[in-house]
Participant: 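Please read through the structure below; I'll follow up with questions.
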Amino acid sequence: MALEVRTINDNYEKFKKDIHDYLNIDLNSYKERQMKRRIDSLIFKNGCSSYSEYFSKIKGNKSSLDQFMGYFTINVSEFFRNPAQWEVLENLLISEIVPKNQGISAVKIWSAACSTGEEPYSIAMLLDKNFPGKRFEIIATDIDNEILESAKLGIYDEKSVKNVKDEFKRKYLNRTDGGKYQVIDKIKKMVSFRNHDLIKDFYGRNYDLIVCRNVMIYFTEEAKLAIYKKFCSSLKSGGYLFIGSTEQIIKPVELGFKTENSFFYKKVVK
């Protein structure tokens, strides 16, 4: 017997407009095939048969709204993901990023689309290890408030900390009664979590480092170009952008960057 292929023939364009009007989220900036597949899966899981029925459920049920936001924001993260790339970052922090700010203001770092917080906490651990007592400003942002609350708690399972060195586990993580790991208060206090939408919200200025990894792959080419331009404007001259291992900036020079290393781009000094 042939497998039943379930399709939704409802108006997806209207659904995107409804979501924009209700949540101020622009689904047009995301790759449609990937996003529609995720939303269709949610529709079936919620026992709905159309986009309009599912949208009504999102509006009328907080758990459905939270579930949609969780799927929409694609929250997958872990500490020191792709360890070799974090070694490059550590060397840059030691040799260039921090030293050039000696005697000036605090080094300013933005972890964009930070998900559950592993990335900004990884940065904080590296900074505390190499520059104990020095002041840093680490801002971590995401579009999902529920995820940000989880990030602030800083509690993680074994899978999330698999790349954390034993030295860091002993120094920066506490075991909970449930066998999980919690980031110590000293590291948590180094990170400030905020809500931010990469598509529509204002970008800050004068960052020494922006880290945005494994997120851009979900955006359209037009949206990616706009985001990279805004990242460049947000960096100081000579500042760095660190992206994911599945991502690449095509023609970085046209955006004001030069390739410094694989997955690392430096804003051209003017």
Participant: With heavy-atom distances below 4.5 Å as the criterion, would you say the side chains of I243 and M216 are in contact?
Facilitator: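 Of all side-chain heavy-atom pairs linking M216 with I243, none is under 4.5 Å.
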Participant: Of the non-hydrogen atoms in I199 and A223, which two are nearest, and what is the gap between them?
Facilitator: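 Distance-wise, the nearest heavy atoms are CD1-CB, 4.1 Å.
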Participant: Looking at the rings of F202 and H196, which for Trp means the six-membered one, are their centres under 6.0 Å apart?
Facilitator: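 No, the ring of F202 stays outside the 6.0 Å limit from the ring of H196, centre to centre.
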Participant: Could you check whether K180 pairs with E158 (Lys NZ or Arg NE/NH1/NH2 to Asp/Glu carboxylate O, under 4.0 Å)?
Facilitator: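 Salt bridge flag = no for E158 with K180.
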Participant: Is there a donor-acceptor pair under 3.5 Å between the side chain of N82 and the backbone N or O of Q85?
Facilitator: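 Pair absent, no side-chain N/O of N82 close to backbone of Q85.
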Participant: Step through the shown structure and confirm whether more than 12 heavy atoms of other residues, nucleotides or ligands are within 6.0 Å of NZ on K229.
Facilitator: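 Result for NZ/K229: open.
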Participant: Given the rule that I, L, V, M, F, W and Y join up when any side-chain heavy atoms are under 4.5 Å apart, are Y22 and M69 in one cluster?
Facilitator: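 Both belong to a single hydrophobic cluster.
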Participant: When you compare the side chain of W110 with that of V211, does any pair of heavy atoms fall below 4.5 Å?
Facilitator: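 Sidechains of W110 and V211: no contact.
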Participant: Check whether any side-chain heavy atom of I187 lies under 4.5 Å from a side-chain heavy atom of I184, and answer yes or no.
Facilitator: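 Yes - at least one pair of side-chain heavy atoms lies under 4.5 Å apart.
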Participant: Would you check if the distance from the ring center of Y51 to the ring center of Y12 is below 6.0 Å?
Facilitator: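 They qualify: ring centres under 6.0 Å apart.
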Participant: Can you list the steps and then say if K224 with E247 is a salt bridge (Lys or Arg N to Asp or Glu O under 4.0 Å)?
Facilitator: CA-CA 11 Å; K224 282 194 283 190; E247 297 161 335; over 6 Å; no
Participant: Between L255 and I210, is there a shared hydrophobic cluster once you connect ILVMFWY residues whose side-chain heavy atoms come closer than 4.5 Å?
Facilitator: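 Yes, one cluster joins them.
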Participant: Under 30°, 30 to 60°, or over 60°: which ring-plane class applies to F80 and F168, parallel, tilted or perpendicular?
Facilitator: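 Because their plane-to-plane angle lies in the 30° to 60° range, the rings of F80 and F168 count as tilted.
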Participant: Compare every heavy atom of E119 with every heavy atom of S111, then report the nearest pair and how far apart it is.
Facilitator: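 It is OG-OE2, 2.6 Å.
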Participant: Enter the distance from E87:CD to L126:CG here, rounded to the nearest 0.5 Å.
Facilitator: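 Answer for the CD-CG pair, E87 versus L126, is 10.0 Å.
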Participant: CZ of R175: more than 12 outside heavy atoms within 6.0 angstrom?
Facilitator: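 Result for CZ/R175: enclosed.
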Participant: Please report the C-alpha distance between K129 and E90 in whole Å, then the side-chain angles of each, then the deciding distance to 0.1 Å, and finally whether the salt bridge (Lys or Arg N to Asp or Glu O under 4.0 Å) criterion is met.
Facilitator: CA-CA 10 Å; K129 170 198 169 187; E90 183 173 17; 3.0 Å; yes
Participant: Start with the C-alpha distance between I109 and I139, add both sets of side-chain angles, then the distance that settles side chain to side chain contact (heavy atoms under 4.5 Å, CB included), and finish with yes or no.
Facilitator: CA-CA 6 Å; I109 297 170; I139 299 164; over 6 Å; no
Participant: State, with a plain yes or no, whether a side-chain heavy atom of E137 is found less than 4.5 Å away from one of V107.
Facilitator: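 Not touching, per the 4.5 Å side-chain cut-off.
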Participant: Taking the ring of Y240 and the ring of Y265, is the distance between their centroids below 6.0 Å?
Facilitator: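 Between Y265 and Y240, the centre distance exceeds or equals 6.0 Å.
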Participant: Between SG of C114 and CG of D142, what distance do you get to the nearest 0.5 Å?
Facilitator: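 Rounded to the nearest 0.5 Å, the SG-CG separation comes to 5.0 Å.
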Participant: Same cluster for I217 and V215 if Ile/Leu/Val/Met/Phe/Trp/Tyr side chains link at under 4.5 Å?
Facilitator: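 They do share one cluster, since a chain of ILVMFWY contacts under 4.5 Å joins I217 to V215.
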Participant: Can you tell me how far OG1 of T116 sits from CG of L148, rounded to the nearest 0.5 angstrom?
Facilitator: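 The distance works out to 10.0 Å.
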Participant: Residues two or more places apart in sequence or in another chain: which of them pass ring-ring contact (aromatic ring centres under 6.0 Å, His included) with F219?
Facilitator: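 For F219, the residues satisfying ring-ring contact (aromatic ring centres under 6.0 Å, His included) (neighbours in sequence not counted) are Y30.
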Participant: Main chain of G133, side chain of R135: is a donor-acceptor contact present, judged purely on distance under 3.5 Å?
Facilitator: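 Checked: no pair found.
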Participant: Considering only heavy atoms from C-beta outward, does the side chain of L127 approach that of M125 to under 4.5 Å?
Facilitator: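 Of all side-chain heavy-atom pairs linking M125 with L127, none is under 4.5 Å.
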Participant: When rounded to the nearest 0.5 angstrom, what is the spacing between NZ in K258 and CD in E260?
Facilitator: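 Interatomic distance, K258 NZ to E260 CD, rounded to 0.5 Å: 5.5 Å.
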Participant: Strictly by ring-ring contact (aromatic ring centres under 6.0 Å, His included), give each pair with a member in residues 117-152 just once, sequence neighbours left out.
Facilitator: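 Residue pairs passing ring-ring contact (aromatic ring centres under 6.0 Å, His included), neighbours aside: Y121-F193.
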Participant: Which of these passes salt bridge (Lys or Arg N to Asp or Glu O under 4.0 Å) with D208: K236, K267, K266?
Facilitator: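 Among K236, K267, K266, the one that satisfies the salt bridge (Lys or Arg N to Asp or Glu O under 4.0 Å) with D208 is K236.
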Participant: Is it possible for you to say whether I155 and V183 belong to one hydrophobic cluster, with membership spreading through side-chain heavy-atom contacts below 4.5 Å?
Facilitator: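 Looking at the clustering, V183 is in a separate group from I155.
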Participant: Would you indicate whether K169, at its atom NZ, is surrounded by more than 12 heavy atoms from other residues, nucleotides or ligands within a distance under 6.0 Å?
Facilitator: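 Yes, the 6.0 Å shell around NZ holds more than 12 heavy atoms from other groups.
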Participant: Checking the side chain of S95 only, and the main-chain atoms of N91 only, is there a donor and an acceptor separated by less than 3.5 Å?
Facilitator: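 Yes; at least one donor-acceptor contact below 3.5 Å.
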Participant: Inspect the contact between D128 and K186 and indicate whether a charged nitrogen and a carboxylate oxygen are less than 4.0 angstrom apart.
Facilitator: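 Here K186 pairs with D128 in a salt bridge, since their nearest N and O are under 4.0 Å apart.
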Participant: Is the backbone N or O of Y156 less than 3.5 Å from a side-chain atom of S160, with the two atoms forming a donor-acceptor pair by type?
Facilitator: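 Checking the backbone N and O of Y156 against the side chain of S160, no donor-acceptor pair under 3.5 Å is found.
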Participant: Quick check: do I143 and D201 have side-chain heavy atoms less than 4.5 Å from each other?
Facilitator: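 No - every pair of side-chain heavy atoms lies 4.5 Å or more apart.
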Participant: Could you check whether any side-chain heavy atom of V98 comes within less than 4.5 Å of a side-chain heavy atom of K134, counting everything from C-beta outward?
Facilitator: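 Yes, side chains in contact.
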Participant: Do C212 and L198 come close enough that some side-chain heavy atom pair is under 4.5 Å?
Facilitator: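 Counting from C-beta outward, C212 and L198 do come under 4.5 Å.
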Participant: Which heavy-atom pair separates I249 from P252 by the least distance, and what is that distance?
Facilitator: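 Looking at all heavy atoms of both residues, the shortest contact is O-CD, 3.5 Å.
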Participant: Mark yes or no for whether S234, through its side chain, and Y203, through its backbone, hold a donor-acceptor pair below 3.5 Å.
Facilitator: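 Between the backbone of Y203 and the side chain of S234 there is no qualifying donor-acceptor contact (under 3.5 Å).
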Participant: Indicate the atoms forming the closest heavy-atom contact of A124 with M190, along with that distance.
Facilitator: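 For A124 and M190, the tightest heavy-atom pair comes out as O-CE, 3.7 Å.
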Participant: Less than 6.0 Å separating the ring centroids of F264 and F242?
Facilitator: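 For F264 and F242, the ring centres are under 6.0 Å apart.
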Participant: Might you work through the side chain to side chain donor-acceptor pair (under 3.5 Å) test for S49 and E53, ending with a clear yes or no?
Facilitator: CA-CA 7 Å; S49 59; E53 183 184 358; 3.1 Å; yes
Participant: Would you compute the distance between atom CZ of F15 and atom NZ of K36 and round it to the nearest 0.5 angstrom?
Facilitator: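 That separation rounds to 10.5 Å.
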Participant: For S150 and E146, indicate whether the former's side chain and the latter's backbone hold a donor-acceptor pair under 3.5 Å.
Facilitator: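 No.
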Participant: Any donor-acceptor pair under 3.5 Å linking the side chain of N46 with the backbone of C48?
Facilitator: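 No, the answer is negative, given that no donor and acceptor are paired below the 3.5 Å cut-off.
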Participant: Which atom names give the shortest non-hydrogen contact between N28 and K16, and what distance separates them?
Facilitator: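 That closest heavy-atom pairing would be OD1-NZ, 2.8 Å.
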Participant: With a sphere of 6.0 Å drawn around NZ of K17, does it hold more than 12 non-hydrogen atoms of other residues, nucleotides or ligands?
Facilitator: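 Atom NZ in K17 is not crowded, with 12 or fewer foreign heavy atoms closer than 6.0 Å.
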Participant: Give me the atom names and distance for the closest heavy-atom approach of Q182 to T176.
Facilitator: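 The pair with the smallest heavy-atom distance is CB-CG2, 4.1 Å.
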Participant: Supply the atom-to-atom distance L23 CG to D197 CG, rounded to the nearest 0.5 angstrom.
Facilitator: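 Reported to 0.5 Å precision, the distance equals 10.5 Å.
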Participant: Walk me through it: do S41 and R37 pass the test side chain to side chain contact (heavy atoms under 4.5 Å, CB included)?
Facilitator: CA-CA 6 Å; S41 173; R37 185 170 62 243; 6.0 Å; no
Participant: In sequence, state the C-alpha distance, the side-chain angles, and the governing distance for R81 and N214, and then conclude on side chain to side chain contact (heavy atoms under 4.5 Å, CB included).
Facilitator: CA-CA 10 Å; R81 188 174 183 177; N214 308 302; 3.6 Å; yes
Participant: Starting from the C-alpha separation in whole Å, work towards a yes-or-no answer on side chain to side chain donor-acceptor pair (under 3.5 Å) for N206 and K108.
Facilitator: CA-CA 7 Å; N206 296 317; K108 192 174 179 183; over 6 Å; no
Participant: Atom CZ of residue position R33 - does it have more than 12 heavy atoms of other residues, nucleotides or ligands inside 6.0 Å?
Facilitator: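 Counting neighbours around CZ of R33, 12 or fewer heavy atoms of other residues, nucleotides or ligands fall under 6.0 Å, so no.
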Participant: Using salt bridge (charged side-chain N to carboxylate O under 4.0 Å, His left out) as the criterion, list what pairs up with E149, not counting sequence neighbours.
Facilitator: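 Once residues adjacent in sequence are excluded, the partners of E149 under the salt bridge (charged side-chain N to carboxylate O under 4.0 Å, His left out) criterion are K152.
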Participant: Please report the C-alpha distance between N24 and K200 in whole Å, then the side-chain angles of each, then the deciding distance to 0.1 Å, and finally whether the side chain to side chain contact (heavy atoms under 4.5 Å, CB included) criterion is met.
Facilitator: CA-CA 9 Å; N24 200 22; K200 67 178 181 63; 3.0 Å; yes
